[in-house]
> 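Starting off with a structure, shown below.
Counting starts at 1 for both ligands and their atoms, following the listed order.
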Amino acid sequence: MLVLGIETSCDETAVALVEDGVRVRSNVIGSQVEHHRPYGGVVPEIAARAHLELLLPALDRALVEGGCTYADVDAVAVTTGPGLVGALLVGVAAAKSLALAHSLPLIGVNHLEGHVCAVQLEFGLLRPPLLALIVSGGHTSLVLVDETGRMSTIGATIDDAAGEAFDKVARFLGLPYPGGPEIDRLAREGSADAIRFPRALLDGTYDFSLSGLKTAVVRELRRREAAGEEIHLADVAASFQEAVVDVAVRKTMAAVARHGVEQVTMVGGVAANSRLRERMAASCAEAGARLLMPSPALCTDNGAMIAAAGWNRLAGGERTAYDAVADPNLPLAGLVVRASGEPPS
Ligand code: KG4
Ligand code: ZN
């Protein structure tokens with residue numbers, strides 16, 4: 001079954017073709033980085049307009065690169081939320097039009113569920129139970145997926161998302177947008193022990209708080225500046241990154257121990273971070289848990305993960321009505337990922 005996946009929830013105009021939920025036939029990403037770079041972050045109105053400009057060419061390219069036409073496509077999957085409403089609307093309108101015009105089933109996908117399903121593109125169909133750490137520009141959550149595939153969020157950020165913290169600190173350090181990969185790169189030249197930034201552990205919960213850390217970075221830089229002390233940006237980047245990574249790894253491993261899960265998935269744009277990957281891999285190995293993390297290109301937003309999640313739901317007999325709407329706050333709790341490896345009925 002060939003599923004066309006469309007993702008326009010933020011600043012990537014992404015279209016992909018995925019076969020049977022696992023084999024990527026094409027994965028096209030029309031990046032809007034240049035549209036937003038002058039503003040230092042994603043401008044919602046610009047994102048929506050850029051999706052309009054980039055989506056049809058991305059659809060054409062995905063078909064050409066996948067070596068097929070709409071006659072070969074069996075269903076259309078699209079992100080219906082969460083995300084920027086104007087951006088989501090472009091993808092949802094396109095997906096509905098294509099599904100109607102070609103008489104194909106439509107399937108609405110939660111963006112975060114899509115991130116989790118990116119795993120199956122490289123490791124095969126998910127076999128819960130598992131724990132998912134979702135760290136992206138808009139979200140930081142720990143999600144438990146039980147053996148039936150039911151997801152429940154056991155912790156989330158109470159303020160900034162991990163990617164948001166990376167991007168804000170990067171902007172403060174004078175690095176270009178998007179800041180996450182810039183900090184990752186710069187941190188390799190610095191010392192993670194140079195500055196001891198605070199770690200908000202919020203004991204007794206799996207919740208995260210990152211805005212205090214961000215403020216601590218700003219304060220420390222201002223203090224050093226006022227005192228005429230030399231500032232090594234690479235040390236600041238490495239020390240900040242280590243604080244984020246520390247909290248993410250500690251929270252995840254606490255949940256692994258408490259819930260006795262043997263599989264961990266780490267997904268979302270920040271899961272592309274090299275230090276986080278290294279530390280999470282070491283901690284999971286120590287705890288005897290299997291870590292499934294997509295390669296960096298599949299951690300950041302893409303259409304293949306949406307097609308994969310869509311396939312799971314289609315295979316479970318789900319369909320979305322043609323009058324589906326975009327929901328910027330679409331909740332994740334209660335969603336179901338495909339829990340078994342049987343072929344679709
Ligand atoms: O999942 P994603 O592509 O979009 C959202 O759903 O938000 O995540 C984008 C976020 C951005 O904040 C970006 O700076 C961050 O992921 N990011 C990284 C890295 N690559 C992307 N953060 C830290 N290190 C990276 N290597
Ligand atoms: Zn995302």
Side-chain angles (χ1 to χ4, degrees), residues 5-14 16 27 29-33 36-37 40-42 44 47 51 78-84 87-88 91 109-119 132-141 143 156-157 160-173 175-188 190 192 210 213-214 237-238 240-249 265-280 293-306 308-309 328-330 332:
I6 300 177
E7 153 62 40
T8 65
S9 68
C10 190
D11 61 340
E12 312 283 9
T13 312
N27 193 14
I29 298 173
S31 175
Q32 302 184 3
V33 164
H36 302 286
R37 186 162 278 154
V42 180
H51 284 309
V78 63
T79 306
T80 50
L84 303 169
L88 286 166
V109 170
N110 180 295
H111 182 77
L112 300 184
E113 184 183 357
H115 272 303
V116 174
C117 294
V119 169
L133 172 67
I134 307 174
V135 272
S136 73
H139 299 269
T140 299
S141 313
V143 173
T157 182
D160 289 353
E164 194 181 349
F166 268 94
D167 294 340
K168 285 179 178 169
V169 166
R171 194 160 10 157
F172 193 73
L173 298 182
L175 300 170
Y177 157 87
E182 296 288 331
I183 290 195
D184 191 347
R185 190 186 44 72
L186 186 60
R188 284 177 213 150
L210 291 164
L213 169 61
K214 179 190 65 192
F240 158 76
Q241 176 176 272
E242 201 65 16
V244 178
V245 168
D246 237 15
V247 175
V249 171
T265 72
M266 185 170 79
V267 298
V270 182
N273 183 269
S274 58
R275 182 67 180 148
L276 180 56
R277 295 173 80 84
E278 186 180 286
R279 291 267 319 267
M280 194 65 86
M293 51 183 176
S295 50
L298 287 174
C299 284
T300 45
D301 289 351
N302 63 83
M305 69 188 200
I306 302 304
N329 301 310
L330 189 66
L332 179 67

> Counting only heavy atoms, which portion of Asp167 has something under 4.0 Å from ligand 1: side chain, backbone, both, or neither?
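Just the side chain.
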
> Is it the side chain, the backbone, both or neither of His115 that has a heavy atom closer than 4.0 Å to ligand 1?
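Just the side chain.
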
> Rounded to 10°, how many degrees is the angle OD1/Asp301-the Zn ion (ligand 2)-NE2/His115?
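Nearest ten degrees: 100°.
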
> Give me the residue, atom name and distance of the protein heavy atom closest to atom 2 (P) of ligand 1.
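Answer for atom 2 (P) of ligand 1: Asp301 OD1, 3.3 Å.
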
> Testing the basics here: between His51 and Ala87, what is the closest heavy-atom pair and its distance to 0.1 Å?
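Looks like CD2-CB, 3.5 Å.
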
> Under 4.0 Å, heavy atoms only, figure out whether ligand 1 is touched by the backbone of Asp184, its side chain, both or neither.
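For Asp184, only side-chain atoms sit under 4.0 Å from ligand 1.
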
> Got the closest protein heavy atom to atom 24 (N) of ligand 1, with its distance?
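Residue, atom and distance for the closest contact: Asn273 ND2, 3.0 Å.
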
> Which atom, counting only N, O or S, brings His111 closest to the Zn ion (ligand 2)?
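Looking only at N, O and S atoms of His111, the one nearest the Zn ion (ligand 2) is named NE2.
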
> Distance under 4.0 Å to a non-hydrogen atom of Gly138: what atoms of ligand 1 satisfy this?
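Here the atoms of ligand 1 in question are 7 (O).
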
> Considering only the protein, which heavy-atom contact is closest to atom 22 (N) of ligand 1, and what is its distance?
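Answer for atom 22 (N) of ligand 1: Gly180 CA, 3.3 Å.
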
> Under 4.5 Å between any side-chain heavy atoms of Leu330 and Leu88, yes or no?
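When only atoms from C-beta onward are counted, Leu88 and Leu330 do not touch, as no gap falls below 4.5 Å.
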
> Can you tell me which residue and heavy atom of the protein come closest to atom 9 (C) of ligand 1, and the distance to 0.1 Å?
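Minimum-distance protein heavy atom for atom 9 (C) of ligand 1 reads Gly137 N, 3.7 Å.
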
> What I'd like to find out is whether the side chain of Ile306 reaches to under 4.5 Å of the side chain of Ile6, using heavy atoms alone.
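Side-chain contact under 4.5 Å: no.
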
> If the cut-off is 4.0 Å to any non-hydrogen atom of Gly163, which atoms of ligand 1 fall inside it?
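Atoms satisfying the 4.0 Å criterion: 12 (O).
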
> What closest approach, in Å, do Ala162 and Val135 show between heavy atoms, and which atom pair accounts for it?
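For Ala162 and Val135, the tightest heavy-atom pair comes out as CB-CG1, 4.0 Å.
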
> Out of Cys10, Ala271, Ser274, Gly269, whose heavy atom is nearest to atom 19 (C) of ligand 1?
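The residue whose heavy atom sits nearest atom 19 (C) of ligand 1 is Gly269.
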
> Ignoring hydrogens, what is the shortest heavy-atom contact between Met280 and Leu133? Give both atom names and the distance.
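Closest heavy-atom pair between Met280 and Leu133: CE-CD2, 3.5 Å.
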
> Under 4.0 Å between a Lys/Arg side-chain N and an Asp/Glu carboxylate O for Glu164 and Lys214?
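A salt bridge is absent here (no side-chain N lies under 4.0 Å from a carboxylate O).
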
> Quick one: which of Val169, Asp184, Asp246, Leu186 gives a side chain to side chain contact (heavy atoms under 4.5 Å, CB included) with Gln241?
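Testing each of Val169, Asp184, Asp246, Leu186 against Gln241, the sole residue satisfying side chain to side chain contact (heavy atoms under 4.5 Å, CB included) is Asp184.
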
> Could you please spell out the steps behind the side-chain contact (heavy atoms from CB on, under 4.5 Å) verdict for Met305 and Leu298?
CA-CA 8 Å; Met305 69 188 200; Leu298 287 174; over 6 Å; no

> With backbone taken as N, CA, C and O and side chain as the heavy atoms from C-beta onward, which portion of His111 lies under 4.0 Å from ligand 1: side chain, backbone, both, or neither?
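For His111, the contact with ligand 1 is made by the side chain alone.
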
> Measure across Gly303 and Ala14 and return the closest heavy-atom pair with its distance rounded to 0.1 Å.
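Answer, listing the atom of Gly303 first, then Ala14: N-CB, 3.4 Å.
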
